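Below, all heavy atoms of this structure are taken into account, side chains as well, without hydrogens, waters or symmetry copies. Bear in mind that the values here come from a model prediction, so they are computed numbers and not experimental data.
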2 protein chains.
Amino acid sequence: MAETDGITVENKQIIFKGYIEGAPKETDMELKLGNKIKLVAPKGSGAFLVKNLYLSCDPYMRGRMRDFHGSYIPPFTPGSVIEGFGVSKVVDSDNPNFKPGDIISGFTGWEEYSLIHETPQLRKVHPDNMPLSYYIGLLGMPGFTAYVGFYEVCAPKKNEYVFVSAASGAVGQLVGQLAKLHGCYVVGSAGSSQKVDILKNKLGFDDAFNYKEEPDLDAALKRYFPQGIDIYFENVGGAMLEAVLLNMRVHGRIAVCGMVSQHGTSDPQGIRNMFSLISKRVRMEGFLQSDYLHLFPRFVEDVTSFYKQGKITYLEDMNEGLESGPAAFAGLFSGKNVGKQVICVARE
Amino acid sequence: MAETDGITVENKQIIFKGYIEGAPKETDMELKLGNKIKLVAPKGSGAFLVKNLYLSCDPYMRGRMRDFHGSYIPPFTPGSVIEGFGVSKVVDSDNPNFKPGDIISGFTGWEEYSLIHETPQLRKVHPDNMPLSYYIGLLGMPGFTAYVGFYEVCAPKKNEYVFVSAASGAVGQLVGQLAKLHGCYVVGSAGSSQKVDILKNKLGFDDAFNYKEEPDLDAALKRYFPQGIDIYFENVGGAMLEAVLLNMRVHGRIAVCGMVSQHGTSDPQGIRNMFSLISKRVRMEGFLQSDYLHLFPRFVEDVTSFYKQGKITYLEDMNEGLESGPAAFAGLFSGKNVGKQVICVARE
């Protein structure tokens, strides 16, 4: 389609209102109507114009809502469209690698249509009979985080004792299943009896518990891991991490993936029990999936194959309509979601 | 010498009085006179009777003075002789691997004579023109801690930026010199201007600072490491570790060696800024030299060779007489020692 041919349509958007403290609320974002967009990728821009199909709600996005520039990704700009991972369909392209009709996965805007550029994390999706929304979940950033965090950072061995917090979430549910396939003993924690039930009966964890019902997390971990923990896949930080440190086995590994990163410089509390790092010779390692992109093709192949063989499953919490985005995102931080939180903007 | 021939002599001892809180004081230990010992290794015991020459004052011993059993080494027994690393001469032996006159290095008692057993950390010393006291310092546990911590845990690369706390201490002074030999840029912190001067002018550190004169450790580190820190050899914990976390470079490494371990379960404060582990993808690893004993022969060969070539030096703070032990040990925790703190019980 030539530039001059571009149809102009309305483009609903979710706007980031301003920097926050604490957990995000639905009212920190707002739906903006009336914006228009020309469905054209300007010539010479190398960009492409996409229609957004599925948008991803991920905990790391909270960090972008604060006015803090010391992280690996810059904050959002107040008044601008929220940015996040999405699955989108190319409508027009000024980039020879992408043509109209292609399905892509990568950073996009929380809006109906976006003009985006190629980035290292942008990928063309070959659906291969997998649900399209999985390309921001099981086969996207969260799945890849689980894959590299478990295999590369945790360096697992068969028969090891693995603990996963936020275990029914987008990342945790895959970590637990990969650990089971690897021959490990796996326990997960989650924040409701429904999630605990899912972990045990649907996702195949050996055991699971509701951390909200455990006044003494150290005692709970000693009950579930009388032999101690070899691998902790850390998604939550705080009191859970402190309790885990007291229960690590010699030469244990802690893959630091999660919301520890959200505390930021103003964290008043700090993590106690760090002496265990020495007495148990524990390796604690922060990681970002984006450092392992060379493994992405192998990840897609492995996980697609596990899925098609019925060896793993994946739970999504799908909300309908761009309008549902703010509530869905805010719900992540009170544990409302069951499984990977996705927003369906359009099905095709 | 046959068992029945054993001469009985007086054996002065330093006794551990009882469990402590906070830093050790001279009065937590006491000199005990009047104890007698027969200079014989009982037949069938496999033990040997040694005369202690040099005793080592090491910070980890503080952990043994508290009633806390969750560490890698059990607490001392109140009323018993203090135990620690020492260099000793075999007087009588019921063990075919050791004969009278042999010099050994390993765990012994804070007393003039001890009856000890062979352990994995007990070694026969072949002095090789090195000062005997070095076998509890440069060529003993502290030196080996520096060696494996730096080469094995920090995984250093040439031109990296290395920070060492407690840098003039038994471990830190060797870490810094090994890092310089490896082609790194090395800055150390210490607690007096005299020590800072030694670091810069005697031990060859690129730079050094007195942490007691820095009201803002984060600002100090930004001044000494405008490019950030690749490797932190952690000896002190607390506020320094928190400040370092804010100044790590991407894929930095923190070898956790030191007194973090001393905070114990009652540590009220905790370590803040842990989010940096993720944003900078930092590996933080606790270690104990005793996990690397297979490297000990290589260590002795390498470090002896560096020393004989004049590539490294080693500072000792030598106190004379068993009686000086309690004050020397307590002095470690206020930074009174300059270099490795040793007690000379006897010269031969």
### Query
Heavy atoms, side chains only, cut-off 4.5 Å: are Met284(A) and Leu277(B) in contact?
yes
#### Entry: Flag if over 12 foreign heavy atoms under 6.0 Å of CD, Glu21(A)
no
### Summary
OH (Tyr292(A)) and CZ (Arg281(B)) are apart, to the nearest 0.5 Å, by 9.5 Å
#### Entry: Leu288(A) CG to Ser279(B) OG distance, which is reported to the nearest 0.5 Å
8.0 Å
### Message
I want to check something: taking the side chain as every heavy atom from C-beta on, are Val282(B) and Glu285(A) in contact at a cut-off of under 4.5 Å?
### Response
no
### Between CE on residue Met274(A) and CD1 on residue Ile271(B), distance to nearest 0.5 Å
6.0 Å
Which pairs of donor and acceptor atoms, one on a side chain in residues 137-156 of chain A, lie under 3.5 Å apart (sequence neighbours left out)?
unit_1, atom_1, unit_2, atom_2, d
Thr145(A), OG1, Met141(A), O, 2.7
Tyr147(A), OH, Arg298(A), NE, 3.1
Tyr147(A), OH, Asp302(A), OD2, 2.5

### Message
Applying salt bridge (charged side-chain N to carboxylate O under 4.0 Å, His left out) as the test, list every pair that has at least one member in residues 159-175 of chain A; sequence neighbours left out.
### Response
Lys157(A)-Glu160(A), Glu160(A)-Arg253(A)
